Amino acid sequence: MMKAKVVKMSEEELDLAALQEAGEILRRGGLVGFPTETVYGLGGNALDPSASRKIYAAKGRPSDNPLIIHIADMDDLPYIVKNIPEKAAWLAEAFWPGPLTMIFEKSDVVPYETTGGLDTVAVRFPSHKIAKEMILAGGGYVAAPSANTSGRPSPTEAKHVEEDLGEEIDMIIDGGRVDIGLESTIVDCTVDPPVILRPGYVNQEMLEKVINRVEMDPGLTSENEKVRPKAPGMRYRHYAPKAKLVLVDGDDTAVAAYISAEVRKKEAEGQQVGIICADETRELYTEGLIRCIGRRQKEEEIAQRLYAVLRDFDEEDISFIYSETFNTPKIGTAIMNRLNKAAGHEIIYLS
Ligand code: TXA
Ligand code: MG
């Protein structure tokens, strides 16, 4: 295939002609990379089985890992789901449009190609203006996984999409760097109480303010191999950098001392080592390839930069990355979920 056509626009200045063109590409079964408030998505017509197959092929994604259908109008929801549980309606009212995905029983119009063979369907109504306009132009139902090659960190900038999928898709809409930087929170609303299958910007506390009780999928944190996450995508080792990533948890100075000692040891053996630290602890490090991820006091920055930092390290000739942990108050659960997965749950506790 030819290289994807890249068009630039912003939420403030939409390029309506280009959005129309993106819509036409989607309607005739093609694929478009586009920005959302969470990460860039790889969009295809969700009701067209062949478009879904193309998405799996472009990403190199296992076909049992279902896609999220993106809508841009609440009135479009009933067509793709069997029913809307009361609690899902409340959550939609509170968090849509926004970084929340909900699981429903699927209606007959949703092809199994899109749901990875499941009778349930994931639905999200994004708040990003470019995403919304593109979805409407494309017919209202856009299946979109994150626009990365399977196994790489999700794209937070258009150039990441170009790197991974530039040769596989028809068009990329460059809307600049995304706002949140981590994928949406997924809540299974086919069970009561609803269950968080993937933590995100909308956290448990925020959800519980609306529907009282929400559980966390035990598969997300269990060390027991038999307790598997319910969302198929959470079972794979995702977001894996090329270098071996190790997390180090504990008191700031102890963590910096441990990491620095490891860096010296590995450098003496001729290996290059990367370090991921917060702005606040930057000065505790003197060697290694140091990447500041943002301020602990501004946890949004950490979420926003995490994937770009992991991607940056893939460009370097390093064999190890040591990272601090970021159990920040609001988004910490989501940040640590992604970091833990990237590290294959390799974490060292000091204390
Ligand atoms: O923020 C996001 O959600 C981004 C943007 C583009 O909207 N999309 C995204 O899609 O992260 P993807 O495909 O990378 O992740 C979808 C996740 C996977 O872990 C998948 O297994 C899960 O949602 N999922 C989809 N349908 C499901 C279902 N019916 N039951 C359980 N999990 C489901
Ligand atoms: Mg993904």
Side-chain angles (χ1 to χ4, degrees), residues 31-44 46 52 55-56 58-72 80-82 95-107 110-128 130-132 134-135 142-156 160-161 164-165 173 175 178-191 194-202 217 219-220 228-240 303 307 334 337-338 341-342:
L31 305 183
V32 179
F34 67 102
T36 81
E37 67 276 23
T38 56
V39 298
Y40 272 79
L42 167 58
S52 289
I55 291 177
Y56 287 104
K59 279 180 66 87
R61 171 168 173 144
S63 61
D64 63 348
N65 188 3
L67 308 174
I68 296 171
I69 301 187
H70 294 64
I71 58 172
I80 52 171
V81 303
K82 237 185 206 144
F95 300 108
W96 276 0
L100 175 71
T101 295
M102 288 188 275
I103 311 286
F104 299 87
E105 316 255 338
K106 83 171 190 71
S107 75
V110 179
Y112 282 111
E113 280 80 356
T114 300
T115 67
L118 299 176
D119 287 312
T120 54
V121 61
V123 185
R124 177 159 111 79
F125 183 164
S127 63
H128 199 287
I130 295 175
K132 284 196 286 199
M134 188 204 74
I135 294 163
V142 173
S146 49
N148 51 285
T149 306
S150 201
R152 295 211 73 201
S154 293
T156 51
H160 302 156
V161 182
D164 283 13
L165 301 170
I173 302 177
V178 299
D179 192 27
I180 294 176
L182 298 177
E183 305 85 349
S184 61
T185 307
I186 303 179
V187 177
D188 184 354
C189 292
T190 66
V191 291
V195 176
I196 298 173
L197 305 185
R198 178 172 73 183
Y201 180 85
V202 177
D217 178 1
L220 291 175
R228 302 176 77 209
K230 191 169 169 198
M234 300 302 281
R235 296 175 195 149
Y236 300 101
R237 178 163 176 230
H238 251 196
Y239 327 113
Y307 287 143
N337 168 263
R338 307 309 194 275
K341 286 188 64 183

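These numbers were taken from a predicted model, which means no experiment stands behind them. Start at 1 and go down the list; that is how both ligands and their atoms are numbered.
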Q | Short N or O distance, Thr38 and ligand 1, threshold 3.5 Å exclusive | A | yes

Q.
Out of all atoms in ligand 1, which are within 4.0 Å of some heavy atom of Leu118? Include the element for each.
A. 28 (C), 29 (N), 30 (N)

Q) By number and element, which atoms of ligand 1 are closer than 4.0 Å to a non-hydrogen atom of Ser184? A) 1 (O), 2 (C), 3 (O)

**Q.** Tyr201, OH: over 12 other non-hydrogen atoms inside 6.0 angstrom
**A.** no

Q: Would you mind finding which of Thr190, Ile186, Asn148, Thr120 brings a heavy atom closest to atom 29 (N) of ligand 1?
A: Thr120

Q | Arg124 N/O under 3.5 Å from ligand 1 N/O | A | yes

Q: May I ask whether Asn65 places a heavy atom under 4.0 Å from ligand 1?
A: yes

Q | Pair Glu183 + Arg124: basic N to acidic O under 4.0 Å | A | no

(Q) Minimum distance, heavy atoms only, to atom 19 (O) of ligand 1: which one of Ser154, Gly233, Gly41 is it? (A) Gly233

Q) Among Gly33, Pro145, Pro99, which one has a heavy atom closest to atom 10 (O) of ligand 1? A) Pro145

Q: Classify the side-chain pair Ser52/Thr114 by whether it contains a donor and acceptor separated by less than 3.5 Å.
A: yes

Q.
Would Val39 count as a polar contact of ligand 1, with the cut-off being nitrogen or oxygen pairs under 3.5 Å?
A. no

Q) Is Ser146 close enough that one of its N/O/S atoms sits under 2.8 Å from the Mg ion (ligand 2)? A) yes

**Q.** Lys59 N/O to ligand 1 N/O under 3.5 Å
**A.** no

Q. Ala144 heavy atoms, cut-off 4.0 Å: which ligand 1 atoms fall inside?
A. 6 (C), 8 (N), 10 (O)

Q: State if His70 counts as touching ligand 1 under the rule of any non-hydrogen atom under 4.0 Å.
A: yes

Q: State whether the shortest distance between N or O atoms of Arg61 and N or O atoms of ligand 1 falls below 3.5 angstrom.
A: yes

Q) Is a side-chain N or O of Asn65 found less than 3.5 angstrom from the main chain of Gly233, in a donor-acceptor match? A) yes

